[in-house]
Amino acid sequence: MAGNELKAVVDMIRGIVVNPNATIQEQRASFEASMGMMPTPPNTKVTPVKVDGIPAEWVDAPGARTDHAILYLHGGGYVIGSPVTHRSLAGKLSETSKARVLVIDYRMAPENPFPAAVDDAVKAWRWLLAQGLSPAKLAISGDSAGGGLTLATLVALRDADVALPKAVAMLSPWTDLTGNSETMTTRAEKDPMVQKAGLMAMGALYLNGKDAKTPLASPLFADLRRLPPMLIQVGDHETLLDDSRTLEKNAKAAGVDVTLEVWDEMIHVWQLFHPMLPEGVKALERIGEYLRGKWSA
């Protein structure tokens with residue numbers, strides 16, 4: 001059970017929650033300054049790289065295998081977030097998976113609304129394949145909006161007949177931009193990070209007038225057939241809990257090998273706070289174990 005560590009994380013979140021009256025640039029800078037302080041595992045290498053023109057960075061923890069890699073898509077409502085905000089998480093994921101992690105700085109709204117993020121993620125995946133890496137030794141992962149983007153990217157790749165990764169891991173994925181799920185209301189008092197009003201505002205910037213049920217924007221409404229095995233982690237205290245529950249149901253109905261883990265008392269993307277929260281470490285260890293198992297199968 002979570003204890004004082006979780007309370008400290010919640011207090012931290014409430015102290016850094018983005019000011020809704022701030023400009024987009026101020027929101028991005030605030031998020032980056034706060035999360036950029038989170039440490040990576042000792043001796044982790046961070047190497048800037050251009051991925052077919054997209055700014056990105058390789059994150060390599062000690063022991064990471066150069067022939068195994070994870071394309072990581074950061075969260076932030078398609079509006080904020082960067083490789084810097086998720087560098088600590090990427091470093092820990094590299095450590096637990098024994099693989100390199102490529103975090104891309106995909107284009108965001110409002111400057112570049114849907115489908116720019118999907119286009120960039122697809123381009124990054126094609127770039128990885130062009131480096132000679134085998135899909136059987138690759139994975140795609142992402143959190144929150146990046147989790148939804150992970151699913152959308154898989155659908156786009158499948159429809160384009162591009163080789164898919166061996167496995168997928170999604171952390172608190174935002175898969176339904178309509179905001180109509182039951183837990184958006186029933187978990188509102190328990191979730192210190194994601195509330196409907198703020199989420200819908202970010203969603204509107206991303207959609208830019210498109211229907212919220214557009215499958216590559218809200219992949220909960222997409223055809224999920226022939227997608228690779230996927231692990232979904234979500235916290236019981238999340239307003240986005242039903243996004244994961246419904247995704248599991250839809251994926252199973254489509255014949256996908258899906259594993260849903262609902263973590264007791266956990267909040268939105270608690271894995272980001274692994275330096276402070278033992279459950280964050282355990283969750284990332286579980287993801288690493290899952291991916292290693294699929295790669296070796």
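The two residues L164 and P228 come nearest to each other via the heavy atoms CD1-CD, 3.9 Å. The nearest pair of heavy atoms linking W174 to L240 is CD1-CD2, 3.7 Å.
Between E111 and R107, no side-chain nitrogen of the basic residue sits less than 4.0 Å from a carboxylate oxygen of the acidic one, so the salt-bridge criterion is not met. Of the charged side-chain nitrogens involved, at least one lies within less than 4.0 Å of a carboxylate oxygen, so that R286 and E289 count as a salt-bridged pair. Salt bridge annotation for K213-D176: absent, with no cationic side-chain nitrogen under 4.0 angstrom from a carboxylate oxygen.
Here the side chain of D243 pairs a donor or acceptor atom with the backbone of T175 at under 3.5 angstrom. Not one N or O on the side chain of H268 forms a donor-acceptor pair closer than 3.5 Å with the backbone of T239. With D191 contributing its side chain and V194 its backbone, the two residues share a donor-acceptor pair below 3.5 Å. Under the 3.5 Å distance criterion, the side-chain polar atoms of Q271 are left unmatched by any main-chain donor or acceptor of G280. Between the E26 side chain and the T23 main chain, a donor and an acceptor come within less than 3.5 Å of each other. With hydrogens and angles disregarded, a donor-acceptor distance shorter than 3.5 Å links the side chain of Q195 to the backbone of A188. At distances below 3.5 Å, not a single donor-acceptor pair connects side-chain atoms of S218 with backbone N or O atoms of L220. Here the side chain of E238 pairs a donor or acceptor atom with the backbone of G235 at under 3.5 angstrom.
The hydrophobic cluster containing I24 also contains M200, counting ILVMFWY residues as joined when their side-chain heavy atoms lie under 4.5 angstrom apart, directly or transitively. Residues V59 and V84 are members of separate hydrophobic clusters, defined by side-chain heavy-atom contacts under 4.5 angstrom among Ile, Leu, Val, Met, Phe, Trp and Tyr. Linking ILVMFWY residues whenever their side-chain heavy atoms come closer than 4.5 Å, directly or via other members, leaves L102 and V46 in distinct clusters. A single hydrophobic cluster is not seen to contain both V281 and I287; linkage of ILVMFWY side chains at heavy-atom distances under 4.5 Å, directly or through other members, places them apart. In terms of hydrophobic clustering, with Ile, Leu, Val, Met, Phe, Trp and Tyr side chains grouped at heavy-atom distances under 4.5 Å, L260 and L224 are assigned to a common cluster.
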One pair to check against side-chain contact (heavy atoms from CB on, under 4.5 Å): W58 and V101. What are the steps and the verdict? CA-CA 6 Å; W58 279 113; V101 177; 5.9 Å; no
Under the side-chain contact (heavy atoms from CB on, under 4.5 Å) rule, what do I80 and M202 come out as? Steps first, then yes or no, please. CA-CA 9 Å; I80 64 175; M202 286 180 159; 4.1 Å; yes
Could you go step by step and tell me if T85 and E32 meet the side chain to side chain donor-acceptor pair (under 3.5 Å) rule? CA-CA 5 Å; T85 60; E32 193 160 296; over 6 Å; no
Do E261 and L231 pass the side-chain contact (heavy atoms from CB on, under 4.5 Å) test, and can you show the C-alpha distance, the side-chain angles, and the key distance before you say yes or no? CA-CA 8 Å; E261 296 181 352; L231 171 66; 3.8 Å; yes
Please evaluate residues Y106 and H74 with respect to the criterion side-chain contact (heavy atoms from CB on, under 4.5 Å), reporting the C-alpha separation (whole Å), side-chain torsions for both, the decisive distance (0.1 Å), and the verdict. CA-CA 9 Å; Y106 60 84; H74 71 76; 3.5 Å; yes
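A distance of 3.5 Å separates OH of Y72 from CG of D143, quoted to the nearest 0.5 Å. Rounding to the nearest 0.5 Å gives a distance of 11.0 Å between CG of L154 and CG of D159. Remark: N250 CG to R225 CZ distance equals 12.5 Å, nearest 0.5 Å. If you take CE on M193 and OG on S144, they are separated by 8.5 Å, rounding to the nearest 0.5 Å. Taking OG of S30 as the start and CE of M35 as the end, the distance is 11.0 Å to the nearest 0.5 Å. From S141, atom OG reaches atom CG of L171 across 5.0 Å, with rounding to the nearest 0.5 Å.
A salt bridge (Lys or Arg N to Asp or Glu O under 4.0 Å) with D60 holds for exactly one of R87, R100, K45, R65; it is R100.
Taking the six-membered ring for Trp and thresholds of 30 and 60 degrees, W270 and W263 have ring planes inclined between 30 and 60 degrees apart. Taking the six-membered ring where the residue is Trp, F114 and Y206 present perpendicular rings, their angle passing 60° and hence far from 30°. Classified by interplanar angle (parallel below 30°, tilted 30° to 60°, perpendicular above 60°), the ring pair H68/W295 is perpendicular.
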